[in-house]
Amino acid sequence: MKNIAYYNGKIAPIEEMMVPMNDRACYFGDGIYDATCAVNHVPMHFDAHVDRLYRSAELIDIRIDMPKEEMKQLILDLVAQVEGDTLFVYVQVTRGVGMRNHAYSGAATGPSIWAFVRPCKMRDPYKAYPCITMEDTRFLHCNIKTINLLPAVIANQRAMEAGCEETIFHRGERVTECSHSNVHILKDGVLKTAPCDNLILPGITRAHILDICARKGIPVIEEPFTLEEMMDADEVFFSSSSALTSRVCAIDGKPVGMKDEKTFAIIRDTYQEDVAKECR
Ligand code: PLP
C-alpha cells in the first residue's frame with residue numbers, strides 16, 4: 001500500500017479515513033502523539049517512542065487502555081503494509097469522543113487511538129541548513145508531546161517562508177529547542193544542550209546523542225545556553241527522529257558554527273551507524 005491509517009480499529013488509506021467530529025482532538029487538541037521513522041520497515045528507537053507515548057498520555061491524565069505490547073504489534077502491522085525504504089510512523093491518542101465540554105470526567109468514551117504510516121524522505125545528514133529564531137511563546141508544558149502545536153506550526157511556516165529549515169525558539173536570551181526538534185551546540189569540543197525540564201521535549205534523538213557522547217568521550221553540559229553562546233558556537237545542530245543530526249550553517253541570515261567538523265562528524269556518523277545497525 002502507498003499509505004495506511006488506523007482509527008479505533010478501522011483501517012484504510014489515509015485519504016479515505018473519516019473520524020467523528022466529537023473526537024476531543026477536533027475541539028480541544030485534547031491528546032498526545034509520538035512519531036518516528038521506520039528504515040527497512042523497522043521503526044527507529046521504537047521502545048523509547050512507545051514509552052514516551054504512554055508517558056505523555058499519563059501526564060495529561062489519559063489512560064491508554066491498549067497494553068504497550070499490543071500497541072507495538074499494531075504499529076508493526078501497519079508499517080509492514082506500506083511500501084518504501086523510509087517511512088514516517090505516527091501514533092496519536094486523544095481523550096475520546098464526547099459532546100463538547102471542557103471538563104472531561106464522563107464526557108468522553110475513552111481514549112481514541114489514531115495512527116498512520118506513509119513514505120518519507122529523511123533529511124540529508126551531510127548537508128548544513130539555515131535557520132531562523134523566534135521568541136518561544138508556547139505554553140509551559142513542552143515536555144508533553146501534545147497535539148496542541150499551533151505555535152510550532154506558525155514557527156515552521158515562518159522558517160519555510162524565509163527559505164530556512166527550522167525555527168530555533170528562545171525565551172528571552174535562553175535558547176529552548178526548535179519547532180519540531182532539539183538544538184545543541186559544540187564549543188571547544190564540549191556539547192551543550194538544554195536540560196530536560198518543562199521547556200523542551202525530551203527528544204529520543206537527543207538522548208541517543210548524549211549516549212554517543214558518553215561512548216565517544218565527548219564531554220556534555222546539560223545546561224541552558226544563550227542566543228549569544230549559540231551564535232558564537234563552533235557548531236550548532238538540531239536533532240529529531242526525521243532530522244537526525246542536522247548541522248546549522250546560518251541563523252537569521254548570519255553564518256554560524258561549521259568550525260568543528262571533527263567532533264560533529266563523530267556524533268553524526270555514529271548516529272548513522274547506530275540506526276543502520278538497529279534497522280537492518
Ligand atoms: N522537540 C520538539 C518540539 C519536537 O516536536 C520533536 C520531535 O517531534 C523533538 C524535539 C525531537 O524529538 P525526537 O528526537 O524524539 O524525534
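When a ligand or atom number is given, it counts from 1 through the structure's own listing order.
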Problem set entry | Location of contacts on S241 toward ligand 1, heavy atoms closer than 4.0 Å | both
For this session: List every atom of ligand 1 that sits less than 4.0 Å from any heavy atom of H49, numbering the atoms from 1 in the order shown and giving each element.
Result: 15 (O)
Problem set entry | Within reach of ligand 1, part of S179 (heavy-atom separation under 4.0 Å) | backbone
For this session: Would you confirm whether R24, through its side chain, and H102, through its main-chain N or O, come within 3.5 Å as a donor-acceptor pair?
Result: yes
For this session: Answer yes or no: is there a side-chain heavy-atom contact under 4.5 Å between L59 and N143?
Result: yes
For this session: Give the atoms of ligand 1, by number and element, whose distance to some non-hydrogen atom of S239 is under 4.0 Å.
Result: 11 (C)
For this session: For the residue pair T36 and H45, confirm or rule out a side-chain donor-acceptor distance under 3.5 Å.
Result: no
Exercise. Are any of the heavy atoms in H208 under 4.0 Å away from ligand 1?
Worked result: no
Exercise. What atoms of ligand 1 come closer than 4.0 angstrom to any heavy atom of S240?
Worked result: 11 (C), 14 (O), 16 (O)
Seminar exercise, completed: The side chain to side chain donor-acceptor pair (under 3.5 Å) partner of E235 among K262, K259, R247 is R247
Problem set entry | Contact check: C178 vs ligand 1, nitrogen or oxygen atoms, below 3.5 angstrom | no
Exercise. At what distance is the nearest protein heavy atom to atom 9 (C) of ligand 1, and which residue and atom is it?
Worked result: S181 CA, 3.6 Å
For this session: Output the distance between atom OG (S56) and atom CD (Q92), rounded to the nearest 0.5 Å.
Result: 12.0 Å
For this session: Under 4.0 Å from a heavy atom of N182: give me the atoms of ligand 1 that qualify, with their elements.
Result: 10 (C), 11 (C)
Exercise. What do you reckon, does T205 have a nitrogen or oxygen under 3.5 Å from a nitrogen or oxygen of ligand 1?
Worked result: yes
Exercise. Taking non-hydrogen atoms only, is A35 closer than 4.0 angstrom to ligand 1 via side chain, backbone, both or neither?
Worked result: neither
Exercise. Distance from C164 atom SG to Y129 atom OH, nearest 0.5 Å?
Worked result: 13.0 Å
Exercise. Hey, is ligand 1 close enough to K145 that some N/O pair sits below 3.5 Å?
Worked result: yes
Problem set entry | Ionic contact status for E177 with R138, cut-off 4.0 Å | yes
For this session: Do me a favour and list the nearest non-hydrogen protein atom to atom 5 (O) of ligand 1 with residue, atom name and distance?
Result: H180 CA, 3.4 Å
Exercise. Between atom OG1 of T146 and atom OH of Y33, what is the distance when rounded to the nearest 0.5 Å?
Worked result: 8.0 Å
Seminar exercise, completed: atom 12 (O) of ligand 1 has as its nearest protein heavy atom G203 CA, 3.6 Å
For this session: Would you mind reporting whether M230 and H170 have side-chain heavy atoms less than 4.5 Å apart?
Result: no
Problem set entry | Side chain, backbone, both or neither: E177 near ligand 1, heavy atoms under 4.0 Å | side chain
Exercise. Do R206 and ligand 1 have an N or O pair less than 3.5 Å apart?
Worked result: no
For this session: State, without any angle test, whether E69 and Q73 hold a side-chain donor-acceptor pair at a distance under 3.5 Å.
Result: no
